[in-house]
Number of protein chains: 2
Amino acid sequence: MEAGLDQEVGKKGRITIHDVAAVAGVSISTASKALNDTGRMGEETRERVKRIAREIGFRPNALARGLLSKRSFTIGLLTNDTYGRFTLPVMAGISEALVDHGVSVFLCAIEDDPALGQIHVDAMLDKQVDGIIASGKRLDRSLPVDLSNLPVPVVYAFTEGTPDSVTFRSDDAQGAGLAVEWLMKLGRRRIAHITGPESFFSVRERAGAYREIAGDTEPVMYGVWSESWGHEAVAKIWGRNGEKPDAVFCGNDQIARGAIDALRECGIRVPEDVSVVGFDNWEIMAEQTRPPLTSVDMGLKALGREAGLTVLALAEGRPVEAGVRKLPCHLVVRQSA
Amino acid sequence: MEAGLDQEVGKKGRITIHDVAAVAGVSISTASKALNDTGRMGEETRERVKRIAREIGFRPNALARGLLSKRSFTIGLLTNDTYGRFTLPVMAGISEALVDHGVSVFLCAIEDDPALGQIHVDAMLDKQVDGIIASGKRLDRSLPVDLSNLPVPVVYAFTEGTPDSVTFRSDDAQGAGLAVEWLMKLGRRRIAHITGPESFFSVRERAGAYREIAGDTEPVMYGVWSESWGHEAVAKIWGRNGEKPDAVFCGNDQIARGAIDALRECGIRVPEDVSVVGFDNWEIMAEQTRPPLTSVDMGLKALGREAGLTVLALAEGRPVEAGVRKLPCHLVVRQSA
DNA sequence: CAGTAATGAGAAAAGGTTTTCTCAAGATAA
DNA sequence: TTATCTTGAGAAAACCTTTTCTCATTACTG
């Protein structure tokens, strides 16, 4: 009954459960039940079917399975973050959380093109994704595509979501608090804050926390997210008369990088004379800075993990409370502070 | 016959071709043929079915379609490039090329974990991907997972492939040539080359082209892929006695960055006194360097595009010649040279 | 020993689409 | 008017799996 085997199996196309059933000499339904540990049958039969399936390398066709179960074990990740600086860690977290559940992820980079976004959303829906995670590069902007009233659950991660949805974001105020408290614990008292454009929600949150803890010793320096702004801001501060800061808390790692360069050019030592803390913990940047940069990590991987588990829960019909969830940042101490 | 409409349609679940057929008052087969522009029927019927499908928002279920056609319109992108510095542009190219064909991309980051790689490959095969593109961060290393004898076509992009497969890679020698020739066109004669570990194939290729064009004016400085190495190497060269270089060709943008910093610290002006060219054109780095970095772009997006079109061709059974295809680099001129 | 319960396994339907085959009606040719 | 051709449209099978239902056999219970 088990004769033939390899020669007979998979003659045309992939190996199906029909092949398993044929080789095992049972019906298709029995084979299915054996493999899924459902139904009633002799333990011996079940084991034999399983063994044969293993031997001939049977793997169930997810398309057929999905057609029936209405679960494709597939989700879509939509992002407008071209460089993937924020999205990649989020993606890593999602993937890590979902791979155990057999879920794969479609990554769709849509730039800021609404038409492209719509195309990708349609393609994902056609492919019956179990859910969609929307991600981005900014907490206070939403993707250029309408995700309300979709037939699948949508979760937002590091991008602005609709009020009645589940949204995950970093707790930037808490993260800024971590940085400033660390500087104060180091004995620093005059802490400057050089950051990005005030139009960014994150910037206002971080600056708010900074002011609350550090007091109004220094005016917040708003600018742009670039090294050159960090450089320029330091030049401005140290060009002024009066007492100089003994620490700089920067709005991101690029600004911090520029600031450190400027300080070195002024002959100021980091961290001996001035401590510097960055934000984002963009490792490839933070580790290469001289000295390596102490920075606030937004925990994007954990954020992705949570988003992944949440969209899965929604897809399985488990109830999830709507609202914004702030996930904590943590401080990665290197040598600049 | 077209009455009811919205109320009747999609009462449970998504809208299927059954709904279209019912509303249009035709059979399912007629509806299908109308929508696919196949079969024989009155032009009027065809148009009516199409209109109704549009009106009630019918979109065919890709799972069901794929089950029959054995095409899932899905491919998998496998990579061990954690930061996505190389993979993301490749991915962008793939996606751009394939979105027009309705193909979506599973992104699977497998680190360097063979077990994880196997899991992802199995998951992709279960989902009946039409093909797989393997990508990485290094031309002379292959992914830690066996992709031979898979039931779907595999194309390699920016990673080492099997001899009988299709492999796309950048033409590093040509790219290095571009850089050195540009420097010589600027009148530079003593060109130094600071680069990564000699164990990298790319390093040897680039160094080879450099030596061929620039001659043996300066010994190649092999090191690591870091800013600090760029910094250190410049310090070494300018610490030596004898004539100094008037240009530096760096193995990547991070090294170039370190080199420029070191030159500035020595009081040497870039590009007035010394021209510097980087490699990779890692925009987020190259644009922020002071001065902005002239760099060799490996054309990874084009590489991804080619890989995408190739895997699609193979999936459709069109013949593709095996072998390694070198794609040209181009020079992005900014201000450092 | 007759009747019921438990067990093992198969038949068939379902899921949504495409494709091939069949059939009826109307049109043309003889 | 009868035989053949064309046209329009539907029935059914196929893709692969899961699940529910049914049935036959064996093992008990009274």
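Bear in mind the structure is a predicted one, so any value in this text is a computation, not a measurement. In what follows, every chain begins at residue 1, and chains take the letters A, B, ... in the order their sequences are listed.
Taking every side-chain heavy atom of B/T45 into account, D/dA9 is the closest of D/dC15, C/dA9, D/dA9.
Using modelled atom types and a 3.5 Å distance limit, the side chains of A/T79 and A/D81 yield no donor-acceptor pair. B/T74 and B/K127 are not linked by any side-chain donor-acceptor pair at a separation below 3.5 angstrom, with hydrogens and angles left out of the test.
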- [ ] Heavy atoms under 4.0 Å is the rule here; annotate nucleotides 17-22 of chain C 5' to 3' with B where the base is hit, S where only the sugar-phosphate is, and - elsewhere.
- [x] BBB---

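Contact annotation: the side chain of A/L143 never approaches that of A/Y156 to less than 4.5 Å [non-hydrogen atoms, C-beta and beyond].
Look at CG on B/D126: it is 10 Å from P on D/dT17, rounded to the nearest Å. With rounding to whole Å, A/R71 atom CZ is found 18 Å from C/dG15 atom P. Atoms CG (A/L63) and C1' (D/dC15) sit 10 Å apart, rounded to a whole Å. Going from atom CG of A/L67 over to atom C1' of C/dG15 covers 4 Å, rounded to whole Å.
By the salt bridge (Lys or Arg N to Asp or Glu O under 4.0 Å) test, A/R138 pairs with A/D140, sequence neighbours left out. The side chain to side chain donor-acceptor pair (under 3.5 Å) test applied to A/D37 returns A/K50, not counting sequence neighbours.
For B/D19 (side chain) and B/T16 (main-chain N/O), a donor-acceptor pair under 3.5 Å exists by modelled atom type.
Using a 4.0 Å heavy-atom distance criterion, A/S69 is classed as making no nucleic acid contact.
The phosphate of D/dA14 (OP1 or OP2) has no side-chain N or O of B/K70 nearer than 4.0 angstrom.
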